[in-house]
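In listed order, ligands and their atoms are each counted from 1.
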Amino acid sequence: MSTLIRGGTVVNADSTFRADVYCEGGNIKAIGENLDAPIDARVVDAGGGYVMPGGIDPHTHMELPFMGTVASEDFFTGTAAGMAGGNTMIIDFVIPNPEQGLIDAYQQWMQKAGKAAGDYSFHVAVTWWSDQVEKEMGILTRENGVNSFKHFMAYKNAIMVEDDVLMKSFRRCLELGAVPTVHAENGEVVYLMQKALLEAGITGPEGHPLSRPAEVEGEAANRAIAIAGMVGAPLYIVHVSCKDSLDAIARARSSGQRVYGEVLAQHLAVDDSVYRNKEWAQAAGHVMSPPFRPKHHQDALWAGLMNGTAQTTATDHCCFCEPQKAAGRDDFTKIPNGTAGVEDRMAVLWSEGVRKGRLTPQEFVAVTSANCAQIFNIYPRRGRVAVGSDAALVVWDPAGTRTISAKTHHQNVDFNVFEGMEVTGTCAVTVSDGKVVWENGQLDVEQGVGKYIPRPTFPVLYDAVQKRNEANRPRAVEREPSRHVTP
Ligand code: URP
Ligand code: ZN
Ligand code: ZN
């Protein structure tokens, strides 16, 4: 099967040019003007739109067992919805239960992902520490194409890890050439604040943001950065939602530390007023961690994306329907945390970013695919329209419009935090593995054809860092033997 995309403008993170793109056997075979295609090729008319690398959402949770329930979106519905929005790949999270082996959990997630329609990869969470965990981190990097490990600094009594685990795991990541990532919120403080709020009679969803103020995130981000700095490991901070943690990243980067920041489309577009909605289900539908923030934090997030403090955009797509959220009707701490977004990230970023003059189309490509592909080491296989790259592409209609709604979205959830938002800039066509999977508002997807994308580690950088660490290793001071003899 071959596909020719004709009449578009190719946009990469570093270049823009008019060209046709010819795909064959899952790869881009030719890029140039007036390309010919075999008689049986599928020809897509780009209609003057932008031909860009398919979006990569580096943070999703399909079918995640969490807070006593399971996220409603599975790998088939989730990757399909993602492709309707211009994403051709997700990086989901394997999250072992404490005491569960990492390989065991990885295999469970691989099994669940077997039904994916689009491509996927996995970060693996370190939720506890033992010799086995340390050993299995090595196996995952060598044999399973895992090059990033996640650490939750929140969710006490569940998947949270303490600083000693952060330090041991960051060290191990460095040794293996893998990227440690963190959910930065101080889980101990959140726990105490939740208790205090409940005791004060605040049981509704408005208690959620009160229990997780920006300082809670800023403190954890600073702490994780300090630990990574002492170890000499890089660090990727997921779902940065406030100025406090962005400032921490900016400080670290300006002092030469390799720290990356990810921001969510949701935090860029929605503020904390949603928690004061009088309808419980509306407020609860927005419960996610970190929570939505007062408006000035949104401005800081946009600035961070524009000035390079944050490099990637994601959604933390983690869907719970209203009956699931209702578990926390009388206690906000029991509302399953999570919101949807995989289908809408690209449109929200274009509409709020490019249309509003915050991002150029090339910067849009950088923050929706290319930077992620570089940070997680799959560039230029992904994140670039180039001969030899995977045929994972999007034709973007910069003038297309739609109104986002749970009634019309493809995500398997009854709520959308962008409900009613009119976006300009829509996905006209998605090509995955060389095939057209979305065109004219129709999905043409197949369960189980999504591929696992292995991600190699970074041996060169990490060898160098380890040599530097060895050179700076603390050494005992050599002293003359003492001349005083105790009688
Ligand atoms: O509220 C959220 N973000 N739910 C998913 C788990 C996580 O913290 O990433
Ligand atoms: Zn998180
Ligand atoms: Zn998450």
Side-chain angles (χ1 to χ4, degrees), residues 57-73 78 82 90-97 105 109 120-127 148-161 166 180-187 190-191 194 205 207-209 211-212 214 216-217 220-221 224 235-242 245 260-268 270 272 274-275 283-293 312-321 324-325 327-328 332-342 345 372 376 411 413 415 417:
D57 189 334
H59 189 155
T60 67
H61 300 283
M62 305 303 171
E63 235 179 301
L64 173 70
F66 192 52
M67 295 184 71
T69 183
V70 178
S72 58
E73 189 89 277
I90 59 169
I91 312 184
D92 205 271
F93 290 82
V94 172
I95 306 187
N97 295 318
W109 256 261
Y120 55 94
S121 197
F122 288 121
H123 311 281
V124 175
V126 171
T127 53
S148 49
F149 292 93
K150 169 78 173 285
H151 308 81
F152 290 90
M153 299 171 78
Y155 306 124
K156 181 175 160 70
N157 297 331
I159 49 179
M160 179 175 108
V161 288
L166 294 184
T181 80
V182 288
H183 168 136
E185 282 187 305
N186 184 322
V190 170
Y191 184 75
Q194 286 177 331
H208 181 69
S211 68
R212 317 177 94 98
V216 155
E217 184 181 326
L235 184 67
Y236 178 96
I237 305 187
V238 305
H239 50 43
V240 172
S241 74
C242 63
S245 38
Y260 303 109
E262 166 196 281
V263 295
L264 304 187
Q266 295 96 312
H267 288 135
L268 287 166
V270 179
D272 67 341
V274 294
Y275 297 118
H286 289 88
V287 166
M288 65 178 296
S289 295
F292 291 101
R293 302 289 189 197
T312 63
T313 56
T315 61
D316 197 358
H317 185 83
C318 188
C319 298
F320 299 106
C321 294
Q324 295 175 287
K325 293 267 180 186
F332 70 87
T333 68
K334 299 200 166 72
I335 301 170
N337 287 201
T339 64
V342 73
R345 176 183 68 122
C372 170
F376 293 113
Q411 301 167 141
V413 64
F415 194 83
V417 297

Side-chain donor-acceptor pair present, T315, R345, cut-off under 3.5 Å: no
Any idea which part of N337 is under 4.0 Å from ligand 1, heavy-atom wise: side chain, backbone, both or neither? both
Return the closest protein heavy atom for atom 1 (O) of ligand 1 as residue, atom name and distance. S289 N, 2.8 Å
Among non-hydrogen protein atoms, atom 3 (N) of ligand 1 lies closest to D316 OD2, 2.5 Å
Quick one, F320 with F415, criterion ring pair (Phe, Tyr, Trp, His ring centres under 6.0 Å). Give me CA distance, side-chain angles, the key distance, then yes/no. CA-CA 8 Å; F320 299 106; F415 194 83; over 10 Å; no
Distance under 4.0 Å to a non-hydrogen atom of H59: what atoms of ligand 1 satisfy this? 9 (O)
Enumerate the atoms of ligand 1 whose separation from the nearest heavy atom of M288 is less than 4.0 angstrom. 1 (O)
Exactly one candidate in H239, H267, H123 meets ring pair (Phe, Tyr, Trp, His ring centres under 6.0 Å) with H59; the answer is H239
Are side-chain N/O atoms of H317 and E73 paired as donor and acceptor at under 3.5 Å? yes
Nearest to the Zn ion (ligand 3), which N, O or S atom of D316 do we find? OD1
Go through ligand 1 atom by atom and flag the ones less than 4.0 Å from a non-hydrogen atom of H239. 8 (O), 9 (O)
Would you please determine whether Y155 falls within less than 4.0 Å of ligand 1 on a heavy-atom basis? yes
Angle at the Zn ion (ligand 2) between NE2 of H239 and ND1 of H183, to 10°? 90°
Is any N, O or S atom of H59 under 2.8 Å away from the Zn ion (ligand 3)? yes
Which of parallel (below 30°), tilted (30 to 60°) and perpendicular (above 60°) describes Y260 and Y236? tilted
Looking at the rings of H286 and F292, which for Trp means the six-membered one, are their centres under 6.0 Å apart? yes
Salt bridge flag under 4.0 Å for residues E185 and K156: no
